[in-house]
Amino acid sequence: MNKYEKMWQDLGLDVELHNELLASIDKTFQQTVGAQKDRPEEVKYFDHVLHESHGGRVAELIEARKQGKKFIGTFCIYVPEEIAMAADTIPVALCGGTQFSIPYGEKMFPRDICPLIKSTFGLALGKMCPYGPIKDLGVGETTCDAKKKVWDVVNFHVMEVPQKKGNIDIELWRQAVVEFKQKVEELTGKKVKSDRLGETIKIMNDKRRALQRLNEFRKHDPPPISGLDVLVVMQAALNDEPVRFTGHLNTLNEEIEERVKKGISPFSKGVKRIMISGCPSVMGNWKVHSLVENAGAAIVIDETCTGTRYFENLVDEKATDLEQQLEALADRYLKINCACFSPNDERIDGVLNTLRDYKVDGVVHYILQYCHGYNIETIRVDAALKQAMIPSLKIVTDYSEEDVGQLRTRIDAFLETLD
Ligand code: BJ8
């Protein structure tokens, strides 16, 4: 019997079904992440974070709530965690990456929406999400249509992410950030103070700096760490306590630096270098990364929300009063180039710069089924890639295993075409 069964029972979960869920995720994990060779030692900490995401991490949140803290569930990287933390709340991203919960999501939501949304809410509807019962606030945002209509159904606080980046939009977004501050202050009864906000800005910037350093190592030929292992670190980043996370990531970075010096890598020199571009791959979803690397290529960078969009751009730490800090935060978060923006020239420029920096041989567009924003935006991204003479492959897929054979064939054929 799992030591957390009593906790899950107390939270009202369907313990039997939840055990099946964990077994299903673990099986996928072992077949993908766990099947790799030459993994860095410290990456096991991040495996542990994923394994404890329904156990130890939940127990920790329950304890923190007993001490008077509030817990906020978030679903997008636009939510400024610094503000949430400065108001004495704990923000955790709750996106679902497992096929197991999708049939439960489809009982309420249409089948033809993105699997990330169906998986996430399927966990709650199937009584398999331990976070739902302890959540003090859910925060959504106006990005894609499916997400923003779901927030109405589940009664979340909604941050208005604009659809353009002009002056009016900047003002609108700054206002959304101020409203978010008011919302968390209301929730905790505590005011966000400038000195504490300065500390939380530093905490999150340190986390981003450590992630930037990890990704810098991927520029080496061969890269000293697999793309699949970096994905595990990124998925853990969305769940773990940030100071602890950064501490372990700094240790991993030291180990990776040694691996570079000693020439240790899971790949051979001259390995084909792939960029994944598009939708995020959240916890439970290792499908395409695993397929690409099993086909003999290395993923050297992810232009996704479980990649560059999460850690690039720091918040200006020079801002000293509250108003300036909130503006600095709003400005940093608005630099995230989600496909919900139109036009999204900054994303195209970012893709081009990144593929040069990481000496990318080919791009895999990773599109979750029914994600129209990223799907349609591949037309413009591809036009830019063509000019840069970088080949690409577009994969539209969900979380199921059904298309794995077909994807394997397409990925093999694509890698063959790369010089
Ligand atoms: S900033 S990518 S985390 S919205 S994949 S649910 S867009 S239909 S996850 Fe996202 Fe924020 Fe944008 Fe990033 Fe909709 Fe597309 Fe699904 Fe998506």
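We count ligands from 1, going down the list as the structure has it; atoms in each ligand are counted the same way.
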Chemist: For the pair S53 and N239, evaluate side chain to side chain donor-acceptor pair (under 3.5 Å) and give the outcome as yes or no after the intermediate values.
Modeler: CA-CA 7 Å; S53 63; N239 182 268; 5.0 Å; no
Chemist: Run Y104 and L17 through side chain to side chain contact (heavy atoms under 4.5 Å, CB included) and show every step you take.
Modeler: CA-CA 11 Å; Y104 300 88; L17 194 61; 3.3 Å; yes
Chemist: Assess, by modelled atom type and distance only, whether the side chains of D302 and H289 contain a donor and an acceptor separated by less than 3.5 Å.
Modeler: yes
Chemist: Under a plain distance cut-off of 3.5 Å, with no hydrogens placed, do T251 and E42 share a side-chain donor-acceptor pair?
Modeler: no
Chemist: Within the 4.0 Å heavy-atom shell around C338, which atoms of ligand 1 are there?
Modeler: 1 (S), 2 (S), 4 (S), 12 (Fe)
Chemist: Parallel, tilted or perpendicular: which fits the ring planes of Y78 and W173, with parallel below 30° and perpendicular above 60°?
Modeler: perpendicular
Chemist: Considering only NZ, NE, NH1 and NH2 on the basic side and carboxylate oxygens on the acidic side, decide whether D398 and K287 come within less than 4.0 Å.
Modeler: yes
Chemist: I need the nearest protein heavy-atom contact for atom 13 (Fe) of ligand 1: residue, atom name and distance, please.
Modeler: C305 SG, 2.2 Å
Chemist: Given that the side chain starts at C-beta and the backbone is N, CA, C, O, which of these parts of C95 lies under 4.0 Å from ligand 1, counting heavy atoms, or is it both or neither?
Modeler: neither
Chemist: Taking only Lys NZ, Arg NE, NH1 and NH2, and the carboxylate oxygens of Asp or Glu, determine whether K202 and E199 approach each other closer than 4.0 Å.
Modeler: no
Chemist: So, E63 and Q67: side-chain donor and acceptor under 3.5 Å apart, yes or no?
Modeler: yes
Chemist: Within less than 4.0 angstrom of ligand 1, does P280 place any heavy atom?
Modeler: yes
Chemist: Could you tell me, atom by atom, which parts of ligand 1 come under 4.0 Å of a heavy atom of T143?
Modeler: 4 (S)
Chemist: Show all protein N/O/S atoms under 2.8 Å from atom 16 (Fe) of ligand 1, or state that there are none.
Modeler: C114 SG
Chemist: Near Y78, which atoms of ligand 1 are under 4.0 Å from a heavy atom of that residue?
Modeler: 1 (S)
Chemist: Atom 11 (Fe) of ligand 1: which protein heavy atom is closest, and how many Å away?
Modeler: C76 SG, 2.3 Å
Chemist: So, for atom 2 (S) of ligand 1, does the protein have a heavy atom nearer than 4.0 Å?
Modeler: yes
Chemist: Looking just at side-chain N and O atoms, do D382 and H365 make a donor-acceptor pair shorter than 3.5 Å?
Modeler: yes
Chemist: Just checking, any donor-acceptor pair under 3.5 angstrom between side chains of T200 and E82?
Modeler: no
Chemist: Would you mind listing which atoms of ligand 1 come within a distance below 4.0 Å of any non-hydrogen atom of Y374?
Modeler: 2 (S)
